[in-house]
Every structure is written in C-alpha cells, then in structure tokens.
Number of protein chains: 2
Amino acid sequence: MKDVAAEAGVSVMTVSRVVNGDAGVAPPTAARVEAAVRKLGYQRDDVARQLRRTDQLSQTIGLMVDNVADPFMAAVASAAEDVARQRGSMVLIGSSRADVRREQEVIETFTARRVDGLILIPAAGSHRFLRSAQAQGTKIVCVDRAAPGLDADAVVVDNFGAVKEAVHHLIAHGHRRIAYVGDKPEIWTFGERHRGYRAALEAEGIDADPAIVRHGLRSGPDAAQAVTELLSSPEPPTAVLAGNEVLAFGVLAVLPPDIAFLSFDDFALAPRLTPPVTVIAQDPVALATSAAHLLFARIHGDTSPPRTVVMPTELIPRGSGEIPGPHAPHGR
Amino acid sequence: MKDVAAEAGVSVMTVSRVVNGDAGVAPPTAARVEAAVRKLGYQRDDVARQLRRTDQLSQTIGLMVDNVADPFMAAVASAAEDVARQRGSMVLIGSSRADVRREQEVIETFTARRVDGLILIPAAGSHRFLRSAQAQGTKIVCVDRAAPGLDADAVVVDNFGAVKEAVHHLIAHGHRRIAYVGDKPEIWTFGERHRGYRAALEAEGIDADPAIVRHGLRSGPDAAQAVTELLSSPEPPTAVLAGNEVLAFGVLAVLPPDIAFLSFDDFALAPRLTPPVTVIAQDPVALATSAAHLLFARIHGDTSPPRTVVMPTELIPRGSGEIPGPHAPHGR
DNA sequence: CTGAAAGCGCTAACAC
DNA sequence: GTGTTAGCGCTTTCAG
C-alpha cells in the first residue's frame with residue numbers, strides 16, 4: 001500500500017479510500033491510484049483490514065458438520081455457502097467426524113480467527129464449551145440437530161413425529177417386527193428418531209424388541225452388516241427402518257426384496273430401485289438456507305430470544321414401505 | 001492480552017510466550033498466566049498473529065469446487081479438509097457453479113485473506129487471472145481437471161483412455177449407436193471424455209452422429225430430458241454413456257432397462273439397480289488426498305517443476321454395459 | 001478533497 | 001527468565 005501511494009504520489013490514506021471505493025476522492029487522483037494498483041498488482045490485505053476495522057466483523061462464518069461427504073451435509077454446506085456469498089461472507093469448513101472433542105478443537109480455531117458466526121450440526125456430547133464463544137460474541141445456529149444445554153437457534157425437522165408416522169405406516173401394512181437401524185441415540189436427531197420408533201410401537205401395543213434395534217451405525221457397511229445379522233437371527237424382522245441416507249444405502253446393499261423398507265432422507269435413485277423405496281423426505285437445502293438467514297440476522301443485530309424453526313417432512317410411499325407384512329389385513 | 005498481563009502481573013510478552021507454549025518461562029509464572037487466561041476467558045487472536053508473524057503463513061487454504069453438493073466434489077472436499085487438518089490448516093470453501101467469473105471473484109476473496117494455497121476444480125474458461133495469485137506466492141493445485149494455460153500441479157485421471165475403453169466395451173457388446181451425455185466440453189474433464197468417445201468410434205470405423213451427443217448438461221433433470229428426447233428420435237441409441245454421477249442419476253430416472261448404459265463414477269447403489277450399472281470408477285478421496293499433499297509440499301518449499309499426477313480408473317462391468325446390442329456376436 | 005498520527009493485537013529482536 | 005521497543009498493513013480520527 002505504501003508502494004502504491006508512492007507510485008501515485010499520494011498518501012496511503014488516499015489509496016485506502018480508492019481501494020475501498022470511498023466517496024470524496026477527486027476522479028483524477030483516483031485514476032492515478034488505480035493505475036498504480038494495476039501496475040504493482042496490489043491487492044488489499046483483508047487480514048490487516050479486519051484487525052483495524054471498528055465493526056470488528058470478519059465477514060467469515062464457520063460451518064461445522066459431521067462429514068462433508070455425507071450427501072445430506074453436502075447439501076447443507078452448499079446451501080449455507082450460497083447464502084454466505086450473497087451476504088458477502090466466506091465460509092470456513094470443518095468436519096467433526098462425530099467426535100465432540102474434534103468439533104471443539106476445530107471450533108476453537110474458528111473463533112481464534114474471529115468468525116462472525118457458526119452454523120453447526122452438533123455431534124453427540126456436551127456443547128457447554130460453546131458458551132465462551134457466545135460470550136465472545138460469536139453467533140451460533142444449529143441445523144438438523146439441537147444442541148441440548150445450548151442457548152442457540154436451531155433449524156430442524158420433527159424427527160419424532162415423522163418416524164412415528166412412518167412406523168405406524170409399516171404397522172398398518174401388517175408389520176410387527178420392525179428393525180431400527182440408526183446412529184448413536186446421543187446424537188439429538190437419532191435420539192428423536194428412535195423415540196418416534198418406540199412411541200409408535202407402544203401406541204400400537206407392540207413390545208419393542210431390543211434385539212432388532214441397532215444403534216451407533218456410522219457408515220453403509222456398518223448398516224449392511226447389522227442388517228445381515230438381523231436377518232439371520234432366529235426371529236428376523238419383516239421390515240427395516242433406516243435412520244438416514246447413508247445407512248439406507250448400506251441396508252439396500254443386502255436387503256432381500258421381500259422385506260419392507262423405509263428410510264429417512266430421500267435420494268435420487270429411490271424410485272428406480274426394485275421395489276422403489278418409500279422414504280421420509282426432508283429438504284436439507286431449505287434447512288440450511290433458513291439457518292444461514294437466521295445466522296446473518298443475528299450477526300446483524302437480531303437479539304430476540306433463540307428460536308427453534310421446525311421444517312416439514314413428507315412420507316413418500318413408493319413401494320418398499322407398502323410390502324405387506326404377516327399381519328396385513330388381507331393375509332400375506 | 002493486556003488484561004491478561006495485568007491480571008497475572010507480567011508483560012504481554014510473557015503472556016504471548018505462555019499462550020504459544022514457548023520455552024523459557026518459569027513454571028510459576030506460566031501458571032499465573034494460565035490462571036489469568038482462564039479467568040478472563042482469553043483466546044489468542046490469530047488474525048493479529050498472522051499479521052505479525054514472519055513466516056507469513058495464514059495456515060489457511062482455499063478449496064474451490066463447482067458445487068459442494070455434487071457427490072464427487074463433496075468427497076474431494078472431505079478428503080482435502082482431512083489433510084488440511086492434519087497439517088494444521090483451515091479450509092475456506094467456495095463454489096463456482098461452473099462460472100469462471102464467479103470462480104475468480106471467490107478466489108480473489110481467498111487471496112485477499114492471504115491463503116497459503118488453493119485446491120481447485122477449475123471451471124471452463126481462462127485461468128490466466130490466477131497468475132497474479134501465483135506471483136503473490138499462492139500455491140495452486142488442480143484436481144479432477146487441468147486448467148489449460150496455467151502452470152500448476154494437477155491430479156487427474158486418464159479420462160480420455162477410460163472413456164475410450166468403455167466405448168470399445170459397448171461396441172464389443174454389439175452397439176453402434178451410442179449416445180454421449182455430458183457437460184460442456186470446454187470443461188477439461190468433459191472435453192477429454194468426449195474425445196475418448198470419438199476416438200473409440202473412429203477406431204472402430206463408426207461414424208459419429210452428432211444427433212446423439214448432448215453437451216452442456218448440468219443436472220440430473222437436464223440429463224433425463226436429453227435422454228428422453230434421444231429415445232423418442234427416429235433413430236434412437238441402443239446404448240447411453242453418462243459423463244458423471246449426477247448425470248447418471250438423471251439418465252437412470254428415465255432409461256428403459258433394455259438400453260445399455262455405462263457411467264463415469266461409481267456410486268453406492270449401482271449394484272442394486274436393475275440391471276446393475278456398469279461404471280468407470282475413480283477414487284475422489286485418493287485424488288484429493290494426493291492433491292492436498294502436493295499443495296502442502298509446495299507451501300513448505302517444494303519448488304520442483306509442476307507435475308501432473310494421473311490416478312487410475314477401473315471399468316467395473318455389472319450388467320447394464322453388457323446388454324447386447326443389435327450387432328452382438330450371437331445375435332440380439 | 002487530502003494527509004498525519006495513532007493504534008488494532010500480536011510477535012521479532014533485542015535488551016536486561 | 002522477563003521486559004521494552006518497534007512495527008506487521010490497514011483504518012480511524014482529526015487537522016488542514
């Protein structure tokens with residue numbers, strides 16, 4: 001910047017004004033400065049800028065997910081990045097790999113960079129550590145999962161209600177032995193989904209059999225192995241419910257076509273499988289867009305009490321969830 | 001930091017030393033400082049730190065993709081972030097949406113933040129604008145696509161050879177009218193894939209019919225519509241080749257099961273479709289991991305001439321690509 | 001309309 | 001072991 005000022009024969013202050021498009025610089029002066037900028041290939045240093053600016057905004061947000069490679073989270077990341085770009089902010093990305101300690105470490109590097117806010121898919125575990133970030137002024141919005149014990153906005157779906165409805169749907173088609181295949185119930189979303197599963201069974205007077213409930217599955221292969229084991233057990237399930245898209249892929253790799261199947265999360269090929277897959281669909285782009293808008297509202301001064309936004313889900317029957325079970329009205 | 005120093009009764013320099021774990025601070029002093037840090041909830045400001053440090057490294061890299069929601073690119077992002085974390089760096093993410101101008105804008109905000117390097121899936125168009133970033137010291141590694149006219153490392157696969165082999169495979173199964181469904185050929189990868197397609201046809205003495213080649217498809221629905229049109233034409237293809245995973249999903253939504261099909265990129269459900277889908281598989285995680293390692297080597301002083309690393313692909317026959325065509329050896 | 005001085009929070013280099 | 005001084009590249013404030 002000094003070099004540019006020297007080249008243009010002005011002070012650094014004038015360079016600063018021109019570079020930032022501030023009004024109040026004589027056009028000929030501005031032209032000289034611009035020529036010098038081009039000649040020297042000068043680019044403003046936004047790191048130094050952030051240090052001095054009085055609004056103290058870094059124009060950067062942090063995005064913390066389990067794993068960007070997960071299609072649900074990739075959609076969230078993409079939508080969040082879109083909104084951030086519209087709002088003139090950059091996005092730092094981090095993956096927790098479902099480990100709160102790793103999540104905390106990464107978030108600390110975010111806050112050390114003075115991000116304005118955080119969009120967070122919280123891992124299982126206590127998020128009390130985020131209070132110091134909040135005290136420091138970092139705004140936080142959770143997506144897909146609430147963070148119990150944290151006073152922050154959240155954008156989620158009614159996981160409990162959606163799964164409850166889905167299990168009722170399977171029961172209505174004659175199933176009694178319905179397997180549940182999910183990730184750790186300590187993760188808020190999976191806790192809710194499992195609660196919905198149990199609530200539906202209970203409402204229908206069916207004893208929940210822990211032998212056909214599998215928690216802590218983190219990958220397709222995990223789910224595939226779990227289902228293989230369940231199917232070779234003495235009393236195999238007649239229907240399987242998968243907790244999310246990644247697990248659904250694993251289940252579908254090994255599931256015989258005569259077992260009913262229903263999954264959380266819709267996916268492009270669901271209608272093309274044999275049978276077509278019945279799903280509970282949600283809209284990750286809408287979730288993330290809503291969360292990002294909420295975050296920027298907070299960053300720009302919205303101090304109303306934390307909100308929890310609940311977005312809709314939709315049960316899409318396609319065939320796999322309507323395979324009749326042994327107790328179906330018109331026999332098997 | 002001043003507050004911490006006052007609280008602990010030391011100078012800011014001592015606080016700096018303790019916070020950075022530098023040797024040469026008496027344990028009791030360090031303990032007092034640490035107590036003050038905790039009491040005041042102090043966290044080092046890495047923005048200010050970066051400004052002063054002499055190595056001038058921001059410990060941040062930029063990751064520029066078309067669209068994080070694309071499964072291939074999500075895998076790249078995830079792997080790149082993993083390596084960055086191991087190397088103590090953060091990742092800024094940006095999406096070009098296949099628009100070089102947007103790509104340039106985002107990259108300029110990256111370099112204004114003084115990222116140490118860039119992992120880039122270049123959009124179609126000239127990347128000469130990156131030369132000033134390189135002159136400024138930003139290291140650049142391309143993944144999946146080369147950036148013509150740019151002197152940078154690249155990690156890619158042999159798209160030409162892989163598609164040529166795949167088209168020979170279809171021809172060997174009796175196909176002559178093979179449709180090609182891809183994105184803009186100005187994107188390096190799709191240019192290569194299309195070249196491979198034409199080279200195989202030519203090698204077999206088959207006239208390429210432009211009526212069954214569709215370029216510039218950017219989404220599943222785009223591909224679905226293109227294929228629908230192709231199939232209702234007077235001389236429909238007997239086989240379809242999809243340029244990537246996203247397009248494959250679109251094609252599969254509308255393709256009758258008696259038309260042969262082959263796609264670039266493997267996907268979890270490929271074996272479960274009817275018929276199972278024959279693919280050219282590549283490993284996005286390996287591509288991105290290799291690119292990230294290359295980038296960090298550059299950042300840490302590797303000044304050898306730019307390299308292009310070529311990773312393997314694999315043709316995985318599963319059924320859809322082996323449906324016999326009208327010219328199959330043993331009749332249809 | 002333009003410039004000089006001060007300082008953002010931190011660390012390099014050198015004292016003591 | 002610890003402190004002092006200077007300055008990273010920029011913007012704020014205030015003076016002309």
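Side chains included, hydrogens not; waters and symmetry mates left out as well; all remaining heavy atoms used. Model, not experiment: these values are computed from the prediction. Convention: sequence-line order gives letters A, B, ...; per-chain numbering from 1.
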Using a 4.0 Å heavy-atom cut-off across all strands, classify A:Val47 as base, sugar-phosphate, or nothing.
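The answer is nothing, as A:Val47 stays clear of every strand by at least 4.0 Å.
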
Within the structure shown, what part of the strands sits under 4.0 Å from A:Asp46 by heavy-atom distance: base, sugar-phosphate, or nothing?
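The residue A:Asp46 makes no contact with any strand.
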
How many angstroms lie between CD in A:Gln50 and CZ in A:Arg113, if you round to the nearest 0.5 Å?
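One gets 9.5 Å once the value is rounded to the nearest 0.5 Å.
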
For A:Ser16 and A:Arg49, test the side chains for any donor-to-acceptor distance below 3.5 angstrom and give the result as yes or no.
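Judged by distance alone, the side chains do not pair up.
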
State whether a side-chain donor-acceptor pair under 3.5 Å links B:Asp116 with B:Ser58.
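Short answer, yes.
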
With nearest nucleotide decided by heavy atoms, which residue, A:Val12 or B:Ala30, maps closer to the 5′ end of DNA chain D?
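The residue whose closest nucleotide sits nearer the 5' end is B:Ala30.
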
Tell me whether the OP1 or OP2 atom of [N] has a side-chain N or O from [X] closer than 4.0 Å.
X       : N      : value
B:Arg53 : C:dT11 : no
A:Thr29 : C:dT2  : yes
B:Ser11 : D:dT4  : no
B:Ser16 : C:dT11 : yes

Rounded distance in Å - [atom1] ([X]) to [atom2] ([N]):
X       : N      : atom1 : atom2 : answer
B:Arg44 : C:dT11 : CZ    : C1'   : 11 Å
B:Arg32 : D:dT2  : CZ    : C1'   : 11 Å
B:Arg52 : D:dC10 : CZ    : C1'   : 14 Å
B:Met13 : D:dT2  : CE    : C1'   : 10 Å
A:Lys2  : C:dA4  : NZ    : C1'   : 14 Å
B:Leu40 : C:dG9  : CG    : C1'   : 15 Å
A:Asn20 : C:dC1  : CG    : P     : 17 Å
B:Arg17 : C:dA12 : CZ    : P     : 10 Å

Working note: A:Asp82 + B:Arg102, criterion salt bridge (Lys or Arg N to Asp or Glu O under 4.0 Å); need CA distance, chi angles, decisive distance, verdict.
CA-CA 12 Å; A:Asp82 254 16; B:Arg102 176 163 165 177; 3.3 Å; yes

Among D:dT12, C:dT2, D:dG9, find the nucleotide with the atom closest to the side chain of A:Leu51.
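Shortest atom-to-atom distance from the side chain points to D:dG9.
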
Does the side chain of B:Val10 reach to within under 4.5 Å of the side chain of B:Val33, using non-hydrogen atoms?
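Yes, at least one pair of side-chain atoms sits under 4.5 Å.
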
